[in-house]
Asker: 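Starting off with a structure, shown below.
Every value quoted in this text rests on a predicted model; they were computed, and no experiment measured them. So that the names make sense, note that chain A is the first sequence line, chain B the second, and so on, each numbered from 1.
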Number of protein chains: 2
Amino acid sequence: MSELLTRSIQDYLKHIYELTEHGQLASTNDLARALQVKPASVTGMIQKLASDKPALVAYQKHQGVTLTATGKMAALEVIRHHRLLETWLVQTLGYTWDEVHEEAERLEHVISEEFEARIAAALGNPTRDPHGELIPSEDLTMPADESTPLASLRPNQAASIQRVDAQDPDLLRYLESLGLTPGVEIEVTAYSEFDHNLTVKVGRKSNVLGLSITSKIFVENGK
Amino acid sequence: MSELLTRSIQDYLKHIYELTEHGQLASTNDLARALQVKPASVTGMIQKLASDKPALVAYQKHQGVTLTATGKMAALEVIRHHRLLETWLVQTLGYTWDEVHEEAERLEHVISEEFEARIAAALGNPTRDPHGELIPSEDLTMPADESTPLASLRPNQAASIQRVDAQDPDLLRYLESLGLTPGVEIEVTAYSEFDHNLTVKVGRKSNVLGLSITSKIFVENGK
DNA sequence: AATCAAAATTAGTCTTGCCTAAATATTGTA
DNA sequence: TACAATATTTAGGCAAGACTAATTTTGATT
Ligand SMILES: [Mn+2]
Ligand SMILES: [Mn+2]
Ligand SMILES: [Mn+2]
Ligand SMILES: [Mn+2]
């Protein structure tokens, strides 16, 4: 799996992985939004990736793309780099979880396999990054994710936060200020069916959270 | 000094700095060799850098280039990144001095000022990298270098090794195997004026070193 | 002063990855 | 079934940075 893959291609593959993780096809528009690029540029790149020597994506005009086995390996390699880097920035350099994303976004493309191995070992081969996201294993397998969105819980259900699917620093700081971070136990005490707000108890405090937040927090282990 | 400077430009500036550090002009050919690029490419890039909004280099056709004040700041920024990274790879991830150059060569262009500040602080603001090279200060001043090449010493002169000006991993491993690393005390016991070999004593052992080695080891403080 | 080799520059191409504008395909709905 | 809105693709361009081949400049040597 050694890389002749450009930075740009690595980012395409990573985002295609994320958009197709649950069996969907990634649309040109969704990719354009994720990559901050115009749809026409996505079409161009996708056509190139699809016609590469060993194709990195499977593509049919107007239908969207998925990754080939080769493309998936390359994507998982980048994702592993990203998540190990985030973990390591937090644990060894004192970054906070709202600061790491941007730094990792650049570093992920330039570290060697040697570097990856050394930080993984130094961290004790972690399985989750600071946001609770699962880290692909060294052999590029993505562990199964058992969690469900907090939004799907209803009053009297308790659970523990597994991961927070967000990179926006403001949102992350806000969540931290409420104590909504991975590992924390929470309980839903109220649900408003019109706006889908949930009232969530953390320790002694309760907060009312809208769907745009509860859909980004993933929990497990409701009692 | 924030960067709109591409990776490629950063490498040009860094190498121009190194080639002009002692007052010379950097020639097109020397730069081409240093950057592993054809001379025609160097001419093209130099002309662009010379005609940039605030010019990064001063250039006259066929005469060679030097850095402007702006260009020098940008170069020192990259060099500071490189040398802090090398130091940090050795001290916190257990890299050896022959392994760090290549990794730092890529990382130097993508770390943030925040990252630079954090590793500098974590390392206690070091002034030399693992090869003994001086690290530009945070305000981008290069400390004065008092050292002279080992090649200039003669029998009965003693000195301590300050820095080793080499990146070739094989050479670095060889020097380490001889105990020729920064901080080590040495003494010259013989000189051969025909081939310029020096016999150098380190601890109990002596080795005969050719000019291609003694010109890359810099020493200070002969007693 | 004339000559010549080495060094440097110019001219013209190529690749990568993006863009805008225009054309076309798909889809959901009337 | 047909139309309009939406999504996607095509066509044509541009900027960076590299390359090769051809040409010019420099500066040493006769
Ligand atoms: Mn990235
Ligand atoms: Mn993360
Ligand atoms: Mn570099
Ligand atoms: Mn060094």
Asker: Rounded to whole angstroms, how far apart are CD on B:Q47 and C1' on C:dA11?
Answerer: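 Atom CD in B:Q47 sits about 12 Å away from atom C1' in C:dA11.
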Asker: Using whole Å, report how far CG of A:N29 lies from C1' of C:dT26.
Answerer: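 My rounded result for the distance is 13 Å.
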Asker: Would you indicate which nucleotide in C:dT9, C:dG17, C:dA21 comes nearest to any side-chain atom of A:S8?
Answerer: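 Of the candidates, C:dG17 comes closest.
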Asker: State whether the number of non-hydrogen atoms from other residues, nucleotides or ligands found under 6.0 Å of B:Q47 atom CD is greater than 12.
Answerer: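 Yes, the 6.0 Å shell around CD holds more than 12 heavy atoms from other groups.
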Asker: Between B:H101 and B:H82, is the ring centroid distance below 6.0 Å?
Answerer: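 Yes, ring centres under 6.0 Å apart.
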Asker: In whole angstrom, give the distance that lies between atom CG of A:L49 and atom P of C:dC18.
Answerer: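 Rounded to the whole Å, the gap is 11 Å.
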Asker: Specify the separation, in whole Å, of atom CG of A:L35 and atom P of C:dC19.
Answerer: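 Computing the A:L35:CG to C:dC19:P distance gives 10 Å.
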Asker: Rounded to whole Å, please give me the gap between CD1 in A:I9 and C1' in C:dC18.
Answerer: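 Whole-Å distance recorded here is 13 Å.
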Asker: Please work out whether the ring planes of A:W97 and A:H131 are parallel, tilted or perpendicular, with thresholds of 30° and 60°.
Answerer: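 Taking A:H131 first and then A:W97, their aromatic rings lie parallel (interplane angle under 30°).
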Asker: Starting at OH of B:Y59 and ending at P of C:dA7, how long is that distance when rounded to a whole Å?
Answerer: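 To the nearest whole Å, that distance equals 16 Å.
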Asker: Need one value for B:T43: base, sugar-phosphate or nothing, where a base atom within 4.0 Å counts as base even if backbone is also close, heavy atoms only.
Answerer: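 Base contact - B:T43 has a heavy atom under 4.0 Å of at least one base atom.
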Asker: Are B:T96 and B:D98 close enough that a side-chain donor and a side-chain acceptor fall under 3.5 Å?
Answerer: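 Indeed, the side chains of B:T96 and B:D98 share at least one donor-acceptor pair under 3.5 Å.
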Asker: How about A:H109 and A:H81: are their ring centroids closer than 6.0 Å?
Answerer: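 So the answer is no for these two rings.
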Asker: With heavy atoms of chain A within less than 4.0 Å as the criterion, where does contact along DNA chain D begin and end?
Answerer: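 The protein-touched segment is D:dA7 to D:dT10.
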Asker: What does B:S41 touch in the nucleic acid at a heavy-atom separation under 4.0 angstrom: a base, only the sugar-phosphate, or nothing?
Answerer: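 Result for B:S41 = base.
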Asker: Can you tell me how far C1' of C:dA8 sits from CG of B:D30, to the nearest Å?
Answerer: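 Whole-Å distance recorded here is 12 Å.
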Asker: Ignoring backbone atoms, establish whether B:K61 has a side-chain N or O less than 4.0 Å from OP1 or OP2 of C:dT10.
Answerer: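 Affirmative; the distance criterion is met.
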Asker: Considering residues, nucleotides and ligands other than B:E21, do more than 12 of their heavy atoms fall under 6.0 Å from its CD?
Answerer: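 Counting other residues, nucleotides and ligands, CD of B:E21 exceeds 12 neighbours.
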Asker: Could you check how far NE2 of A:H62 sits from C1' of C:dT24, rounded to whole Å?
Answerer: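 So the two atoms are 7 Å apart, to the nearest Å.
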Asker: For the rings on A:Y95 and A:W88, is their centre-to-centre separation under 6.0 Å?
Answerer: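 Judged by ring-centre distance (under 6.0 Å), A:Y95 and A:W88 do not meet the cut-off.
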